[in-house]
Q: 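After the structure tokens below, expect a handful of questions from me.
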Number of protein chains: 2
Amino acid sequence: MSESKIKNMEEFAAISGISRPTVSKYFHDPASVRPSTRARIEAALEKYDYRPNIYAMNQNRKLTKNIGIVVPYLADPFFAEIVRVIERRCIEAGFTPSLFSSHGEQAFENDILDSLRSIKPAGVLLAPLGRQSDKSAIETFCKNVPTVLFDSNIEGMGEAFIGSDNYSFVSQTVEYLSRTGENPCFFEMKTPANPNANKRRLAYLSMAERLGLEPHVIQIDGTGWAFEEIGRQGALKLLSGNALPTDTVLCSNDRLAIGFLSACYEMGVKVGRTQDCQLRVASHDDHPFSKFTCPSLTTAAHDYFAVSDQAVETLFQVIESGGHLRNRTETVFPARLIMRDSA
Amino acid sequence: MSESKIKNMEEFAAISGISRPTVSKYFHDPASVRPSTRARIEAALEKYDYRPNIYAMNQNRKLTKNIGIVVPYLADPFFAEIVRVIERRCIEAGFTPSLFSSHGEQAFENDILDSLRSIKPAGVLLAPLGRQSDKSAIETFCKNVPTVLFDSNIEGMGEAFIGSDNYSFVSQTVEYLSRTGENPCFFEMKTPANPNANKRRLAYLSMAERLGLEPHVIQIDGTGWAFEEIGRQGALKLLSGNALPTDTVLCSNDRLAIGFLSACYEMGVKVGRTQDCQLRVASHDDHPFSKFTCPSLTTAAHDYFAVSDQAVETLFQVIESGGHLRNRTETVFPARLIMRDSA
DNA sequence: TAGGTTTCTTTACGCGAGTAAATTTTATGT
DNA sequence: ACATAAAATTTACTCGCGTAAAGAAACCTA
């Protein structure tokens, strides 16, 4: 790579000995030009290191090669992991992913949708905030931009939804817990952040009925995305009040469970499935840290890869078919029970 | 906001009754036009919802309003938190932040620098991978794009560095630990991911000398960014081999400590500062989860806000002064000791 | 080697704005 | 009310590339 900067495609075409329209064609699809000319262009490319101006490129193109990725809360490593997989797949497919986090706030989410509109993305992968989302803003957005929802569903919006099967999560944990010990009570936030929580509660109730168990749903106070702290405070109150109906607690999600376990430790309540333990705690999500809780957390794992992969794949289909799918599909993947020490 | 989409600034100028150049001026700086015309434009803006095409805007502009934010590993909530602060500050200042994570891989980092170049950002806030970084790639990048490094320093690169004062972290923890109990040994990775780790080790050694203590540095195997698992494995080996030189362990960072604590729990080693405890464990970073470990982790906290704020502020200065500062500055903020239950 | 196909080259225009220069309109102070 | 300064308009060109059309050149294939 030598120096002497090339200003524009005109100049680059000149020094590579190829016409500009052909060079332009090459940059859209290197395979669309004759191998010999392709070789000449690529030779020049190595010598002079030129890259087309993306702003000029995208100005005329009807659809850009950008893909927007929006998650509700990036400080949650669960989303960070998903993002990693999605990003890679987009890049491999020749797209340019742009990452956004709503940071748990509706105003942020709306701003992000606004920014996304102006970058004219080929498509958007959106994990909405959920309860806090501005439904009408999202609806309007989905009408203008090809969007696939993931993680958290909003009825009827976007071209498709890909997520995890909450029933599969809960049925496995409940079945396992009730088979190996006391029936679990269900521990959750009173006003959960997203619809998955509601589905999990319903799944719990349905499982209880199916197995003929008495259901106990414990709903704790707290709003926002600081789930660990909320879980911790809830557990402290519960434990100090001796208010647990059973010796087995099934948390709605791992982040609540992390807080719950920290409260147990602080209160000197031993958690686990061995004889000397007073409590069993299990949960859902297989949060990246759930392996390192004390004790390690028995949980139900998302199929991270399948969800990410399917979401991306579906978006590509949407893009290929011009931005709309004939009918909206909802795909959910089952969970995998991860047995660790907490239950 | 009514319908009837406006195609371009020409059209919008027409319906708002203002000439296009003036409208253009307005979008660069609403305060640069007379209040009365500003009002007319904004009235039209509410009725017709037009936004200038960012691609056309940025095509000619020498410097865009984009700011690149690069972190080494987004699945680490520490960075996610910093990003949140930085993003907000950028938006408030009228910039458009673009977020990138290197996901712990050099190839990613290099690709990101490449992408960044092509979006012609006004400036970049870069937290490099550190040891894994391609130094020469970063050097070249910094020469072409106004860049401020943060979190992890690379000698002489970028217009400035903003981070935390590793000596402040370690001196406080070492002083506290040695004052209240046995001298701490220092627990770290043999080949740490970034230079902060090296500085912390040196600070530990220097403190040991100053306080007249015998230093013990324990270096465990493992590479990559799965610090918790590495810390856990290291601790398991150490504990089962009874190889700890003292009853007090100072981990280089919280993520290692999280792994360490999980190993202690598993091995039945009680950690804390009360009589019945066998071990004290402390660490550095005040990781968002360190409050929820078992026991809660005594650590030294970054001044998240100061670092983020100063980094952004410095970048703005760089941008204002045309991309270069007279001389490169390094700013580090002191730590705050957070006393919890682990030591 | 002729004939038909592909692929390139030439030429030319469009996109949506930035921006400069000259001119006209509006605002300001006294 | 008038001179002056400030802001807006008109006009016209630029930027870097997409893209279409027509013709030239290179590529098969038999």
Q: Separation of E10(B) atom CD from dT10(D) atom P, in whole Å?
A: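 In whole Å, dT10(D) P lies 11 Å from E10(B) CD.
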
Q: Could you measure the distance from the CG atom of N8(A) to the CG atom of N53(A)? Nearest 0.5 Å is fine.
A: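 N8(A) CG to N53(A) CG: 9.5 Å, rounded to 0.5 Å.
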
Q: dA17(C) C1' sits how many Å from Y26(B) OH, rounded?
A: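 Atom OH in Y26(B) sits about 17 Å away from atom C1' in dA17(C).
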
Q: For E139(B), what residues pass the side chain to side chain donor-acceptor pair (under 3.5 Å) criterion, not counting sequence neighbours?
A: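 Counting only residues at least two positions away or on another chain, E139(B) forms no side chain to side chain donor-acceptor pair (under 3.5 Å).
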
Q: Grab the NZ-P distance between K7(A) and dG16(D) for me, whole Å please.
A: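 For the pair K7(A) NZ and dG16(D) P, the rounded distance is 8 Å.
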
Q: Checking E109(B) against S133(B): is there a side-chain donor and acceptor pair closer than 3.5 Å?
A: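 Checked: S133(B)/E109(B) side chains pair up, N/O donor to acceptor below 3.5 Å.
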
Q: M9(A) has an atom CE; how far is it from atom P of dC15(C), in whole Å?
A: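 Those two atoms, CE and P, are 19 Å apart.
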
Q: Would R84(A) and E87(A) count as a salt bridge (charged side-chain N to carboxylate O under 4.0 Å, His left out) here? Give the steps.
A: CA-CA 5 Å; R84(A) 170 154 64 175; E87(A) 271 192 347; over 6 Å; no

Q: Output one line per pair: protein atom, nucleotide atom from nucleotides 9-11 of chain C, and distance, for all N/O pairs under 3.5 Å.
A:
{"from": "dT9(C)", "atom 1": "OP2", "to": "S19(A)", "atom 2": "N", "distance (Å)": "2.8"}
{"from": "dT9(C)", "atom 1": "OP2", "to": "S19(A)", "atom 2": "OG", "distance (Å)": "2.7"}
{"from": "dT9(C)", "atom 1": "OP2", "to": "T22(A)", "atom 2": "OG1", "distance (Å)": "3.0"}

Q: Any side-chain donor-acceptor pair under 3.5 Å between D134(A) and S136(A)?
A: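 A pair is found: one side chain offers a donor N or O, the other an acceptor, under 3.5 Å apart.
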
Q: Identify the two heavy atoms, one from V33(B) and one from K25(B), that lie closest to each other, and give their separation to 0.1 Å.
A: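 The pair with the smallest heavy-atom distance is CG1-CB, 4.4 Å.
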
Q: Would you mind reading off the distance between F27(A) atom CZ and dC17(D) atom P, rounded to a whole angstrom?
A: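 Result: 9 Å.
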
Q: Round to a whole Å and report the spacing from CD of Q59(B) to P of dT14(D).
A: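 Distance, rounded to whole Å: 14 Å.
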
Q: For nucleotides 22-30 of chain D, read 5' to 3', which letter fits each nucleotide if B means a protein heavy atom sits under 4.0 Å from the base, S means only the sugar-phosphate is that close, and - means neither?
A: ----S----

Q: Using the six-membered ring wherever Trp is involved, compare the ring planes of F27(B) and F12(B) and label them parallel, tilted or perpendicular (cut-offs 30° and 60°).
A: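 It falls in the tilted class, 30° to 60°.
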
Q: Does dG16(C) have its OP1 or OP2 closer than 4.0 Å to a side-chain nitrogen or oxygen of N53(B)?
A: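 Looking at the OP1 and OP2 atoms of dG16(C), neither is under 4.0 Å from any side-chain N or O of N53(B).
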
Q: Start with the C-alpha distance between F78(B) and Y304(B), add both sets of side-chain angles, then the distance that settles ring-ring contact (aromatic ring centres under 6.0 Å, His included), and finish with yes or no.
A: CA-CA 9 Å; F78(B) 167 73; Y304(B) 280 70; 5.5 Å; yes

Q: Between Y50(B) and dA17(C), is there a contact of a side-chain N or O with OP1 or OP2 at under 4.0 Å?
A: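 Answer yes for this pair, as a side-chain N or O of Y50(B) is under 4.0 Å from OP1 or OP2.
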
Q: Could you state the atom-to-atom distance from CG of N58(B) to P of dG16(C) in whole Å?
A: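 After rounding, the gap between these two atoms is 15 Å.
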
Q: Pick the nucleotide of DNA chain C nearest each of K25(B) and P35(A); which residue has the one closer to the 5' end?
A: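 Closest to the 5' end, via its nearest nucleotide, is P35(A).
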
Q: Taking atom P of dG16(C) as reference, at what distance in whole Å does atom CZ of F12(B) sit?
A: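 From F12(B) CZ to dG16(C) P: 16 Å.
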
Q: Distance-only check: which donor-acceptor pairs under 3.5 Å involve side-chain atoms of residues 91-98 of chain B, not counting sequence neighbours?
A:
none

Q: Can you give each donor-acceptor pair under 3.5 Å made by side-chain atoms of residues 120-127 of chain B, sequence neighbours left out, with the distance rounded to 0.1 Å?
A:
none

Q: Measure the spacing between CD1 of I69(B) and CD1 of I82(B) and express it to the nearest 0.5 Å.
A: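 Spacing of CD1 (I69(B)) from CD1 (I82(B)) equals 11.0 Å.
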
Q: Identify the pairs formed between an N or O of the protein and an N or O of nucleotides 3-5 of chain D at a distance under 3.5 Å, and give each distance.
A:
none

